[in-house]
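In what follows, a structure is listed as structure tokens, so that the remarks can point back to it.
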2 protein chains.
Amino acid sequence: MSDRPVIRPLPAIDRARQVTDALADYIKSAQLKAGDRLPAERELMSALMVGRSTIREAIRHFQALGVIETRKGSGTYLLKPVSKATIHMPLSLDTGHLREALLQTLEVRRGIECEACMVAARKRTDKDLILIEQNLNEMERVHIEKGTSGPEDLAFHLAIYDATHNPLFRQLLEQMRETFWQFWEHPFEREDFARRSFPFHRTLFNAIAARDTEAAREETLKILEVVEEDIKEMSK
Amino acid sequence: MSDRPVIRPLPAIDRARQVTDALADYIKSAQLKAGDRLPAERELMSALMVGRSTIREAIRHFQALGVIETRKGSGTYLLKPVSKATIHMPLSLDTGHLREALLQTLEVRRGIECEACMVAARKRTDKDLILIEQNLNEMERVHIEKGTSGPEDLAFHLAIYDATHNPLFRQLLEQMRETFWQFWEHPFEREDFARRSFPFHRTLFNAIAARDTEAAREETLKILEVVEEDIKEMSK
DNA sequence: AATGCTAAGATGTCAGACCAATTTGGCGGG
DNA sequence: CCCGCCAAATTGGTCTGACATCTTAGCATT
């Protein structure tokens, strides 16, 4: 019984890829931001003229990649904007204990973080420098006031990453932080974690301001050494 | 109306997570290696007592993470052994053009690669050193004989990554290479790509042999500088 | 023994139904 | 008029069954 030729001539290969691409394209074209809600599965289904299971498998794909999140009864939400051209690079880390995973990740982070600060020292514009200093001042203010500074510390480092004018640094380092926040026993939030690294933030800023790449590397290493010691201490 | 208590008492939360965990556990317990075939969907279905769609969504999850691969009509195959405890860290990279992506990635790679070589210089055992030198000798032999050495060059660097005793270095750097091999116009394989970096491989080895971390960093930087110049030249 | 064909088995997709959680809107009481 | 409660609509989660398509292996023919 001839289903006549084809309204949808695409059965060629890989409908799944087509759907993930279509989803990514929609996200891009609709200018969706993190937190925005995506169309319901049944809407996508009729819009793309594919079965619901196909839609769901595409959603699961992005879910695994940390791009979207589903909330039962509510909808699916965007976590990180993507496009069809986005390159996904999933890493799998196998270690015995969490402590080991943390330290190994820190070792890699040391390489990336040092390079980021060196590049920032070389490529930063005056505007970048102003932003970094603002975040540093805010961080120091909060630190002195409350004795600790979680979000402000992060903001300071992110400002440095942005000063590299290479988005990969921010994406990589931010994602590494996030991943371990998931596995961390949140309630810990030790008030004194990495507190000893506090003074090196100002010296790191000075190095970047002076465009002194080697000094920037030195100061970054000092900060990370404190982090390493504290991780070893806490997870003992 | 009592469906009586429960054959499957688990509807609690997250059946999907349960299935991915079950799959990961099976992979671990069955000692599956890369390339091995997993049970058919319908087998898993009856074994775990869940619907086929649930199984498929779990498979799609691992597929997105690069853990398994499905071949229509054949089966699903394991790419990277995992366990329930495996930490997955998906990275998403957004860049404009390929040239830009290559250079930005290289910038990050410089950080990681330098750190890897420095750590290798510090932590390498004598056995690691022997392996590295074997790969170096083979690479030099092929290079002199054929004028180029793609796989042998890779093997040399992988041996260095392994000498760090931190699996993350190998995973990250190998994955970065792989990812761009996908997007590369394969036919390129320019015979002279990075050829000028050839002599620095021996000096890098000497630095690692001498446990001289700073020298290892210097030689690695020289290699990567050649790579950067060649990328700029070729993608012009 | 080599070859070609068929059937079994696998994944890929679609459709329909029901469940459970959330959201929404209307209704009634304050 | 406002607030709170409850029911209906919406939405993701799962199961079942069916069919298509590709792969593989075994069988029969030459």
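Within every chain, numbering begins at 1; the chains are lettered A, B, ... in the order of the sequence lines, protein sequences first and strands thereafter.
- For A:Thr86 (side chain) and A:Val82 (main-chain N/O), no donor-acceptor pair under 3.5 Å exists by modelled atom type.
- Residues of residues 55-80 of chain A that place a heavy atom closer than 4.0 Å to DNA chain C, in numerical order, are A:Lys72, A:Gly73, A:Ser74.
- Taking all atoms of both residues into account, the shortest heavy-atom contact from A:Arg37 to A:Leu32 is O-CD1, 4.5 Å.
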Residues B:His157, B:Asn135; criterion side-chain hydrogen bond (donor to acceptor under 3.5 Å, both in side chains); working and verdict: CA-CA 9 Å; B:His157 287 287; B:Asn135 281 287; over 6 Å; no
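- A salt bridge is absent between A:Arg110 and A:Glu113; no separation between the charged side-chain nitrogens and carboxylate oxygens falls under 4.0 Å.
- Between B:Tyr77 and B:Leu38, the shortest heavy-atom distance links the atoms C-CD1, 3.9 Å.
- Taking all atoms of both residues into account, the shortest heavy-atom contact from B:Leu23 to B:Ala58 is CD1-CB, 4.3 Å.
- Nearest heavy atoms, B:Ser83 versus B:Lys28: CB-CD, 3.6 Å.
- Residues from residues 32-40 of chain A lying near DNA chain D, meaning a heavy-atom separation below 4.0 Å, are A:Arg37, A:Ala40 in numerical order.
- Within the 4.5 Å cutoff, no side-chain heavy atoms of A:Asp162 are placed close to those of A:Leu131.
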Using the 3.5 Å cut-off, write out each protein N or O paired with an N or O of nucleotides 16-18 of chain D and the distance between them.
unit_1	atom_1	unit_2	atom_2	d
D:dA18	N6	B:Arg52	NH1	3.3

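- B:Lys33 and B:Leu78 get closest at one heavy-atom pair: O-CD2, 3.7 Å.
- Atom-to-atom, CG of A:Leu44 to C1' of D:dT11 comes out at 12 Å; the value is rounded to the nearest Å.
- A donor-acceptor pair under 3.5 Å is absent between the side-chain atoms of B:Thr54 and the main chain of B:Val50, judged by distance alone.
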